[in-house]
Each structure stands twice: as C-alpha cells, then as structure tokens.
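For clarity, every value in this text was computed on a predicted model and none was experimentally measured. Note: hydrogens, waters and symmetry copies are ignored here, and every other heavy atom, side chains too, is used.
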Amino acid sequence: MPLQAPRALLRLDAAARLGARPLMWLAWHRARVAAGLPGRALRPAAPPAGPFLPATAPAPPALPPGAAEAVLAAARDLSPAVEHGPFDPAAPALSLDLFAPGDVRPVWERNRLGWLPLLVQAHRLEPGGGHLLRAESRLAAWCAANPPYLGPNWACGQEAALRVLTLCLAHALLGGGAVEPGMAALLRLHARRIAATRAYARAQDNNHAVSEPAGLLACAWMLGDGEAARRAARDLSAALARLVAPDGGFAQVSTGYHRLLLDTLSVLEWLRRGLGAPPLPEPAPARAAAAARWLARLVEEETGATPRLGHQDGSALADLSLGGAGDARGGAERAARLLAGASAGFPDDPGCAWLGLDLPPPLAAEAEWVAEGTRGWQHGPARALLRTGPLRFRPGQADLLHLDLWDGPRNPLRDTGTGAYNPPGDKGWWAAHFASAAAHNLILFDEAEPMPRAGRFLLARWVRTESLPDGAATRDFRGNRHARRVVPGGRDWVVEDRLSGPFRRIALRWHLSPGAWRLTGDGAEGAEARIALAADAPLRIAIESGWESRAYGEAEPVPVLVARAEAPVSAVTTRIRLRSDCTGGGAYA
C-alpha cells in the first residue's frame with residue numbers, strides 16, 4: 001500500500017482546499033479564545049428559577065388513530081432529565097476536553113430537552129395528569145444540574161441553539177403569549193452562549209452556521225429584541241445562500257444532517273408564523289424549499305428510512321411525530337408543508353396535526369433528479385441514489401460514487417452508516433472504517449484510500465469530480481479515474497464502471513443487506529436480488545464479512561460482495577435484478 005504523506009502536509013493540503021473564508025473565521029475564533037474573550041463573556045451565573053412555561057394550554061388537535069396513546073405512553077417512560085455522561089459538570093465549558101472522557105454526542109442529544117414538547121403534548125391531551133408540573137420540575141432540575149457555562153451541555157454553541165428551538169416550541173405549543181421570567185432568563189443565557197463563539201460556527205460551513213443564527217433569531221423574537229433579530233436573520237440568510245444550493249443540495253451531503261437542517265428551519269418557520277415576524281429575504285425561502293424537496297425524495301414511505309448517506313449522528317429534533325432518528329417521515333412532511341408549501345406524501349402525520357398545518361397538494365413525482373452532491377432515480381418502487389460532486393465543501397466520508405439501491409422498504413445495496421464519532425477503545429476502529437471508501441459501494445484502487453485522513457473530521461487531497469449525463473466520475477491524486485454510469489430499470493438495474501490510471505489492481509465492493517447470500521458463477525444471489533458481474537479482465541468474486549451501523553453507537557456484521565481484478569482491467573458491469581417476491585421463494589423479474 002502506498003506510503004501516506006506526513007500529517008502536517010495533509011493538513012496544509014486540506015486547508016488549501018477549504019479556502020480562505022473558513023480559515024479566516026477559524027483564525028479569528030482562535031485569536032478571541034487566546035485573548036480570553038469568550039471566557040469573559042461566559043462567566044458562571046446562577047441558574048434561572050421557574051416557572052418557565054405558560055399555565056394555560058389550548059385543547060389538543062384531532063390526531064390520527066393511536067397518536068394520542070403513543071404520546072401518553074412515551075410521557076410515562078422518560079429518560080432522566082439530567083445527563084452528563086463521563087464529563088465533569090463543574091468544569092468550565094469552554095475548556096472541557098470533549099474527547100478523552102468518551103463520546104459527547106449521545107450526551108448532547110439527550111440534553112436537547114426533547115422530553116419538554118412531549119410533556120406539553122401530554123398535558124394538552126390529559127390536563128389533569130400532572131404533565132405540566134413534571135415539565136416544570138424537570139426543567140428546573142436540568143437548570144440546577146447545568147449551571148450556566150459549566151459542563152458538557154454548555155460546551156457547544158449549536159447545542160445551545162437547538163435547545164432554544166425546543167424551549168420556544170414548547171412555549172408555543174402551550175399557546176404562546178407572554179414569556180415567563182424564568183424562560184426569558186434561560187433564553188438570554190443561551191443567546192449569550194451562542195454569541196460567544198459565532199466565529200467558530202461560521203468557520204465550519206455546516207449545520208453550525210445555520211443552527212446557531214436560527215437559535216439567536218428565535219431568542220430575539222421571544223425576547224422582543226428587534227435589532228438582534230435583524231442581525232440573526234441576516235446571518236441565517238447568508239448561511240443558507242452559501243450552504244444550500246438552488247437545487248436543494250446541502251454542504252453536508254448527509255441525509256441525517258440534511259434532516260437536522262430541515263428540522264431547524266421548520267421549527268423556526270412555525271415560530272415565525274405564530275409570532276408574526278417577517279420572513280427571511282430571498283434566496284433563503286427558495287433554498288429552504290429546495291432542501292425540503294431533496295429529503296422528501298429519499299424517505300421510504302412504509303418505514304420512513306432514508307439512505308445512510310454521509311455522517312449519521314442520530315438527531316431527531318422536535319420529534320412531535322415520535323418517529324425517532326430512524327423514521328424521517330414526520331420531519332420530511334413538516335418541512336415540505338412549512339417550507340415548500342406541499343406534502344411529502346405522509347398526509348396523516350401527527351406532528352403536523354400538532355402544529356395545525358393544513359394538508360397541501362403533494363410534491364410532483366420525479367423519475368430522475370440531480371442536486372449538488374447527489375443524483376437519483378425512481379422507477380416504480382425501485383430507486384437509486386448516487387453520491388456525486390462537486391466538492392465545494394469538505395467531504396465527511398470518502399463516499400464519492402457510492403450507490404444505494406432500494407426496492408420499496410428493502411435496501412439490497414446499502415451505505416454502512418457511521419458507527420460513532422468517538423467510539424470506546426475496543427471499537428476505536430469504527431471512526432476510520434465507516435468513513436472510508438472501503439465501507440462504501442465503490443471501486444478501490446490498490447486498496448488505497450482515495451483521500452488520506454488529515455484529522456478526526458478532515459480529509460486531504462480531495463478527489464476531482466466530474467458530472468456525466470447518466471452518472472459521475474472521480475479522479476484521485478494518484479491519477480486513477482473512476483467513471484460510474486447508472487442505467488435505471490424497474491426490476492433490472494445496471495451499473496457500468498470505467499477505469500483508467502496507473503493502478504495495479506482494483507476491488508469493487510457491494511455492501512449487501514443482512515441475510516443468506518450465496519455465490520453464483522458470476523456474482524451473488526439472495527432473497528432480495530441477484531447480482532451478476534462482468535469485466536474485460538478475469539474477476540475473483542467472493543462474499544466477505546463487513547460491518548454496518550444502522551444507528552449511532554451500533555454496529556453489526558453485513559455481507560459484502562467483492563470483485564477483484566488486475567490491471568489492465570478497464571470496465572466492470574454490475575447487473576442487479578430485483579426479486580419480484582421477497583418471501584424467499586419468488587422469481588426475479
């Protein structure tokens with residue numbers, strides 16, 4: 001395997017590709033930290049005292065069958081209100097080590113206060129059930145256990161912003177009106193936390209740059225600060241214009257982070273309407289609408305699953321539908337109605353009922369679509385998603401030209417997910433493996449990663465990308481070119497891979513759905529599909545053991561169909577025939 005360049009050189013290469021703008025913001029952030037400015041702005045303060053929430057509430061909306069019972073059951077089975085994980089709750093937040101003690105990501109998710117809107121829903125359904133008292137008690141306990149600017153839950157500006165949206169949503173679900181002094185004090189503390197590290201958020205060119213001004217805007221609306229609202233709206237509009245393409249592609253090419261983007265914008269838009277605030281200026285509304293259409297294309301109608309494209313961190317912000325991280329139907333429907341004025345195809349979504357959203361006409365069906373970073377095809381129940389370029393922002397995973405293939409709820413060719421950002425020691429290999437090209441449905445040249453790692457979330461020597469009429473192509477820094485063409489069909493799909501460059505050997509991997517797959521003379525056959533491989537050179541075909549992560553913090557074995565060949569191989573064709581009856585005994589179309 002080729003030797004890797006020193007880490008310092010790789011960091012310089014990655015920095016050059018990121019561009020001057022994020023580097024300047026990062027330098028400004030570090031200069032402010034060195035001067036002690038964020039620390040002085042975030043001096044410890046007394047936790048606010050309740051009451052936090054309005055004492056009255058409107059009657060519940062008409063809900064689909066079973067939705068009310070699901071809310072009340074979930075409200076009876078809440079996780080603890082206080083969660084610090086292995087992190088010191090008394091340490092100054094800005095100086096806390098967020099990696100050595102363990103993975104902070106699950107701690108942050110549990111401290112987004114998702115239980116608060118849930119208890120508000122339960123209170124509206126069952127006013128005498130004590131749910132509002134529980135909400136007040138738990139929120140007071142959370143404030144006492146998380147004194148301002150101490151511990152892991154004040155360490156991240158984005159987490160503060162997402163908590164703001166949850167707090168404001170809970171207030172609005174109770175009918176809104178005057179903000180209680182306790183809530184106002186809590187919002188001011190959060191706004192101060194977000195503002196202290198805004199340069200860091202701008203440097204990220206990802207969800208931070210959207211979520212944080214959205215949180216500041218919600219605070220400003222609730223607190224009646226017109227000047228702060230104008231500044232936050234300007235920053236949010238600029239972030240959407242920069243990070244969301246006109247076709248809906250997002251800088252973070254990830255179905256999980258795209259959902260978080262839309263959840264953030266949806267909650268903010270619903271709050272805006274309720275408060276009578278002015279809309280964001282164009283192109284922000286158009287970009288948000290396009291982003292909503294992008295996600296709606298990818299949500300499976302029976303299960304709400306999406307391809308595990310890019311990083312998947314398990315977010316489910318303001319999950320009024322109670323679908324969880326694995327079911328995006330509620331988020332997609334809410335975003336489509338609020339941001340695109342259309343339905344994503346889930347008319348009975350209970351979350352939209354809680355928000356009082358009318359059912360608009362459905363989004364138009366598309367047999368083929370192209371967006372920045374992806375392109376897709378839909379033929380009957382079968383659909384495919386191809387990861388493409390261009391790479392205007394840093395890639396999260398080495399997944400260029402990865403192909404996902406679905407047949408209704410079945411996913412015979414799949415992305416392997418994320419594992420965890422900072423897994424425990426015995427699973428430390430997860431972070432590098434799940435982000436690697438070897439963990440995707442790609443061709444690997446000489447078993448060498450196309451983009452060497454320069455940091456925990458940073459890849460160097462980005463591949464060059466090229467758009468093709470029916471696919472895309474990449475060229476790595478070694479000069480190896482891979483062009484992938486997709487020929488869609490109802491039950492018969494063809495993937496044509498063309499190769500050139502100085503490579504000595506190749507390995508094509510298809511990560512398969514769990515189950516019994518058997519080798520055939522030219523590929524593999526399972527309950528969901530038959531895969532046949534052909535090339536202009538001899539192929540060595542095997543089924544090997546790989547890994548997939550269906551949810552954050554989890555991993556399990558998965559079969560991988562691997563075809564290897566020696567140069568001068570220049571073409572490999574994969575034909576996938578989807579089974580017409582997936583009971584195990586049906587025929588192939």
Report task. Report yes if some heavy atom in the side chain of Leu261 is under 4.5 Å from a heavy atom in the side chain of Leu295; otherwise report no. Result -> no
Requested in this report: Check whether any side-chain N or O of Thr418 sits under 3.5 Å from a backbone N or O of Gln312 as a donor-acceptor pair, and report yes or no.
Outcome: yes
Can you give me every donor-acceptor pair (side chain of residues 97-104, partner residue at least two apart or in another chain, under 3.5 Å) with its distance?
{"unit_1": "Asp97", "atom_1": "OD1", "unit_2": "Phe99", "atom_2": "N", "d": "2.9"}
{"unit_1": "Asp97", "atom_1": "OD1", "unit_2": "Ala100", "atom_2": "N", "d": "3.1"}
{"unit_1": "Asp103", "atom_1": "OD1", "unit_2": "Arg105", "atom_2": "N", "d": "3.1"}
{"unit_1": "Asp103", "atom_1": "OD1", "unit_2": "Tyr552", "atom_2": "OH", "d": "3.3"}
{"unit_1": "Asp103", "atom_1": "OD2", "unit_2": "Tyr552", "atom_2": "OH", "d": "2.5"}

**Report entry** Non-neighbouring partners of Arg202 that pass salt bridge (charged side-chain N to carboxylate O under 4.0 Å, His left out), sequence neighbours left out
**Finding:** Asp235
Query raised in the report: Yes or no on side-chain contact (heavy atoms from CB on, under 4.5 Å) for Leu217 and Leu271, after CA distance, side-chain angles and deciding distance?
Result: CA-CA 10 Å; Leu217 184 54; Leu271 293 172; over 6 Å; no
Distance-only donor-acceptor hits, side chain of residues 148-161, under 3.5 Å, sequence neighbours excluded:
{"unit_1": "Tyr149", "atom_1": "OH", "unit_2": "Leu189", "atom_2": "O", "d": "2.8"}
{"unit_1": "Asn153", "atom_1": "OD1", "unit_2": "Asn111", "atom_2": "ND2", "d": "3.2"}
{"unit_1": "Asn153", "atom_1": "ND2", "unit_2": "Glu83", "atom_2": "O", "d": "3.3"}
{"unit_1": "Asn153", "atom_1": "ND2", "unit_2": "Asn111", "atom_2": "OD1", "d": "3.1"}
{"unit_1": "Asn153", "atom_1": "ND2", "unit_2": "Asn146", "atom_2": "OD1", "d": "2.8"}
{"unit_1": "Trp154", "atom_1": "NE1", "unit_2": "Asn146", "atom_2": "O", "d": "3.0"}
{"unit_1": "Trp154", "atom_1": "NE1", "unit_2": "Pro147", "atom_2": "O", "d": "3.2"}
{"unit_1": "Gln158", "atom_1": "OE1", "unit_2": "His208", "atom_2": "N", "d": "3.4"}
{"unit_1": "Gln158", "atom_1": "OE1", "unit_2": "Ser211", "atom_2": "OG", "d": "3.0"}
{"unit_1": "Glu159", "atom_1": "OE1", "unit_2": "Arg112", "atom_2": "NE", "d": "2.8"}
{"unit_1": "Glu159", "atom_1": "OE2", "unit_2": "Arg112", "atom_2": "NH2", "d": "2.8"}

Report summary line: Residue pairs passing the salt bridge (charged side-chain N to carboxylate O under 4.0 Å, His left out) test with at least one member in residues 266-286, sequence neighbours excluded, are Glu269-Arg272, Glu269-Arg273
Query raised in the report: Taking only residues two or more places apart in sequence, or in another chain, which ones meet Glu227 in a side-chain hydrogen bond (donor to acceptor under 3.5 Å, both in side chains)?
Result: Arg230
Query - Check: Asp247 side chain, Glu372 main-chain N or O, donor-acceptor pair, under 3.5 Å - result: yes
Requested in this report: May I have all residue pairs that pass ring-ring contact (aromatic ring centres under 6.0 Å, His included) and include part of residues 307-331, sequence neighbours excluded?
Outcome: His311-Tyr421
**Report entry** Test side-chain hydrogen bond (donor to acceptor under 3.5 Å, both in side chains) applied to Arg550 - qualifying residues, sequence neighbours left out
**Finding:** Glu548, Glu556
**Report entry** Pairs flagged by salt bridge (charged side-chain N to carboxylate O under 4.0 Å, His left out) wherever residues 324-334 is involved - sequence neighbours left out
**Finding:** Asp263-Arg334, Asp327-Arg329, Glu333-Arg337
Query raised in the report: Are any of the side-chain heavy atoms of Leu309 and Gln397 separated by less than 4.5 Å?
Result: no
Requested in this report: Any chance you could lay out the side-chain contact (heavy atoms from CB on, under 4.5 Å) test for Leu243 and Asn206, step after step, and finish with the verdict?
Outcome: CA-CA 7 Å; Leu243 301 177; Asn206 61 16; 5.9 Å; no
Query raised in the report: Just by distance, do the side chain of Asp319 and the backbone of Leu322 share a donor-acceptor pair under 3.5 Å?
Result: yes
**Report entry** salt bridge (charged side-chain N to carboxylate O under 4.0 Å, His left out) against Arg242, all qualifying residues, sequence neighbours excluded
**Finding:** Asp205
Query raised in the report: Would Ser315 and Glu109 count as a side-chain contact (heavy atoms from CB on, under 4.5 Å) if you check the C-alpha gap in whole Å, the side-chain angles of each, and the deciding distance to 0.1 Å?
Result: CA-CA 7 Å; Ser315 291; Glu109 178 68 31; 3.7 Å; yes
Query raised in the report: Can you list every pair that meets ring-ring contact (aromatic ring centres under 6.0 Å, His included) and has a residue in residues 250-288, with sequence neighbours left out?
Result: His258-Trp294
Query - Smallest separation among heavy atoms of Gly215 and Val164, with atom names - result: O-CG1, 3.5 Å
Query raised in the report: Going from CG on Asn207 to CD on Glu212, what distance comes out if it is rounded to the nearest 0.5 angstrom?
Result: 10.0 Å
Determine all donor-acceptor pairs shorter than 3.5 Å in which one atom belongs to a side chain in residues 114-121; sequence neighbours excluded.
{"unit_1": "Gln121", "atom_1": "NE2", "unit_2": "Leu320", "atom_2": "O", "d": "3.4"}

Query - Stepwise side-chain contact (heavy atoms from CB on, under 4.5 Å) test for Arg387 and Val253 - result: CA-CA 8 Å; Arg387 170 72 163 105; Val253 186; 3.7 Å; yes
Report summary line: In short, side chain to side chain donor-acceptor pair (under 3.5 Å) pairs touching residues 164-181 with sequence neighbours left out are none
Query raised in the report: Where the side chain of Arg308 meets the backbone of Asp415, is there a donor-acceptor pair that is under 3.5 Å apart?
Result: yes
Query raised in the report: Side chains of Arg124 and Pro61: closer than 4.5 Å at any heavy-atom pair?
Result: yes
